Amino acid sequence: MALAPASSGSGPVVTEVEMNAGADQGATGTVRATVVQACTVFYDTPATLDKAEKLVAEAAGYGSQIVLFPEVFVGGYPHGSTFGLTIGNRSAKGKEDFHKYHAAAIDVPGPEVTRLAALAGKYKIFLVMGVVERVGYTLYNTVLFFDPLGKYLGKHRKVMPTGLERVFWGFGDGSTIPVYDTPIGKIGAIICWENRMPLLRTAMYAKGVQIYCAPTADFSPSWQASMTHIAVEGGCFVLSANQFCRRKNYPPAPEYTFGGLDEEPSPESVIWPGGSSIVSPSGTVLAGPNYEGEGLLTADLDLGEIARAKFDFDVVGHYARPEVLSLTVKTESKLPVSFTSAAEKNSAAKSDGISRT
């Protein structure tokens, strides 16, 4: 089957899917997808972006149309770091560690987002990139989406950081759970252990996700079971990207130390063994899992498999029982502070017939 062509032209080609829009019943063709398994250049965002470009160029050379990077590839996952935290105390070094981590994060929008958009446009790919997003002094674990025209489409913020992640990452809300309707299928992403949240998965299925991206930091055997389950449950292709890192990929001690270890690992010690994979709607593993080192995993996705899988089980379609079980997703943005202008007050006063001075 021929590969679906990448998008061309200057007009908008990608829209966000509304809830309960469902999948495109006519989705056919083959899409070439690549999952990147590579390590961040820690505390060096420009060098990380340089590395990302080399990897994207390599994937594009294979004819890939969509490229997924790992969780927080830009900005880095602070594996083993405690940020100097104990209950009731934060150490001076831990605060300095956060200062460095904050400096390596990126603003959205910002110059790094512009560069990533240009990268997607240059190589004519859909790019799904994990980043540490900086909003003032709060950081978010975020996935950014870009199209082959070099346009930034939007983002997903992790709604529930895991464990100690809740100390240094903020919480996303229902306003950033997008699925994008693209010429190669409906693309969305949720991050790491969000994939264990059945209601969040169901929201993605209700938007008709077909290429389900799952950037992660989990390399356990149970993660592979989850990826297979989600592919079968959702009747979608699942792309999972993780980093492969050795001790030498992080700053040396004492600048960077790994908590919970009896001794400092050797430079060649594997700190993060990867496990990236691609799984079909039937549960067939098309690529990976890779625990050997950095690399690219590429597979051709036959979109016709989606209809064949949905014939058996459509979790938000013919297999749903909304009169018994249903889900409400609150998609409005939740802000800690909002301001009402004088003009808005006067408009409200006129509408309720009350004079306010």
Side-chain angles (χ1 to χ4, degrees), residues 16 36 40-46 48-49 52 68-83 85 90 94-95 97-117 120 127-146 152-180 187-197 199-201 203-204 212-218 240-243 329-338:
E16 187 174 343
V36 173
T40 303
V41 184
F42 214 80
Y43 290 155
D44 192 339
T45 296
T48 299
L49 293 172
L68 171 66
F69 276 76
E71 179 177 8
V72 293
F73 181 77
V74 177
Y77 190 91
H79 193 80
S81 177
T82 66
F83 287 98
L85 286 163
R90 272 86 44 204
K95 292 180 179 182
D97 289 344
F98 180 79
H99 179 211
K100 293 177 182 177
Y101 193 57
H102 178 271
I106 67 171
D107 297 327
V108 180
E112 294 84 3
V113 176
T114 300
R115 181 175 177 185
L116 289 168
L127 176 61
V128 184
M129 176 66 73
V131 307
V132 181
E133 178 190 3
R134 180 177 55 221
V135 181
Y137 295 97
T138 297
L139 305 179
Y140 293 94
N141 182 335
T142 299
V143 170
L144 306 180
F145 300 84
F146 304 89
Y152 164 61
L153 300 177
K155 65 188 176 186
H156 166 61
R157 286 178 177 168
K158 192 173 186 178
V159 299
M160 177 51 69
T162 302
L164 196 63
E165 293 175 358
R166 296 168 199 166
V167 171
F168 52 88
W169 286 334
F171 294 64
D173 59 31
S175 68
T176 64
I177 311 176
V179 170
Y180 295 100
I187 301 169
I190 55 180
I191 304 165
C192 205
W193 277 19
E194 287 187 315
N195 289 281
R196 292 188 174 192
M197 300 171 71
L199 301 185
L200 184 54
R201 297 200 307 269
M204 297 289 283
Y212 181 116
C213 299
T216 188
D218 189 351
S240 177
N242 202 351
Q243 298 197 32
V329 181
K330 299 176 181 178
T331 58
E332 65 273 15
S333 180
K334 300 295 185 182
L335 301 175
V337 180
S338 60

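Predicted, not measured: the structure shown is a model, and the values here were computed from it.
Listed for the R134 side chain is a donor-acceptor partner under 3.5 Å among the backbone atoms of H102. Side-chain N or O atoms of D173 include one that pairs as donor or acceptor with a backbone N or O of S175 at under 3.5 Å. Between the side chain of R157 and the main chain of T142, no donor-acceptor pair closer than 3.5 Å is present. No donor-acceptor distance shorter than 3.5 angstrom exists from the side chain of T176 to the backbone of G172, with no hydrogens or angles considered.
Rounding to the nearest 0.5 Å places OH of Y137 at 8.5 Å from NE2 of H99. Here CD1 of I177 is found 8.5 Å from OG1 of T331. Values are rounded to the nearest 0.5 Å. The CH2 atom of W169 sits 8.0 Å away from atom CD1 of I191, with the distance rounded to the nearest 0.5 Å.
With a 4.5 Å cut-off on side-chain heavy atoms, M204 and I190 count as touching. When side chains are defined from C-beta on, V108 counts as touching L144, because their heavy atoms get closer than 4.5 Å. Side-chain contact check for T162 versus C192: every heavy-atom pair is 4.5 Å or farther apart. No side-chain heavy atom of W193 sits under 4.5 Å from any side-chain heavy atom of N195. H156 places none of its side-chain heavy atoms less than 4.5 Å from the side chain of Y140. With contacts defined as side-chain heavy-atom distances shorter than 4.5 Å, the pair M129/L68 does not qualify. Contact check for Y212 versus R201: side-chain heavy atoms found under the 4.5 Å cut-off. In this structure, the side chains of L85 and L164 come closer than 4.5 Å at one or more pairs of heavy atoms.
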**Prompt:** Can you list the steps and then say if F73 with T48 is a side chain to side chain contact (heavy atoms under 4.5 Å, CB included)?
**Reply:** CA-CA 8 Å; F73 181 77; T48 299; 3.5 Å; yes
**Prompt:** So D218 and T216, side chain to side chain donor-acceptor pair (under 3.5 Å) or not? Walk me through it.
**Reply:** CA-CA 6 Å; D218 189 351; T216 188; 5.3 Å; no
**Request:** Given side chain to side chain contact (heavy atoms under 4.5 Å, CB included), test V179 with I187 step by step and report yes or no.
**Result:** CA-CA 5 Å; V179 170; I187 301 169; 6.0 Å; no
**Message:** If you apply the rule side chain to side chain contact (heavy atoms under 4.5 Å, CB included), what do you find for C213 with V143, and how did you get there?
**Reply:** CA-CA 10 Å; C213 299; V143 170; over 6 Å; no
**Request:** Apply the test ring-ring contact (aromatic ring centres under 6.0 Å, His included) to residues F83 and F168: give CA-CA distance (whole Å), side-chain angles for both, the deciding distance (0.1 Å), then the verdict.
**Result:** CA-CA 9 Å; F83 287 98; F168 52 88; 5.0 Å; yes
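Nearest heavy atom pair, residue P161 against residue G170, reads CG-O, 3.5 Å. The minimum heavy-atom distance linking V159 with F171 is given by the pair O-CD2, 3.4 Å. Heavy-atom minimum distance, L127 versus A120: CB-CB, 4.0 Å.
A search for ring pair (Phe, Tyr, Trp, His ring centres under 6.0 Å) contacts involving F146 returns Y152, not counting sequence neighbours.
Between Y101 and F42, the ring planes are parallel. Angles under 30° get that label, and only those over 60° would be called perpendicular.
Comment: E332 engages K334 in a salt bridge, judged by a side-chain N to carboxylate O separation of less than 4.0 angstrom.
For the salt bridge (Lys or Arg N to Asp or Glu O under 4.0 Å) with K158, the lone residue among E71, E194, E133 that qualifies is E71. Considering V132, I106, V72 in turn, V132 is the only one that fulfils the side chain to side chain contact (heavy atoms under 4.5 Å, CB included) rule with L139.
Atom NZ of K100 has more than 12 neighbouring heavy atoms from other residues, nucleotides or ligands inside a 6.0 Å radius.
Using modelled atom types and a 3.5 Å distance limit, the side chains of T40 and Q243 yield a donor-acceptor pair.
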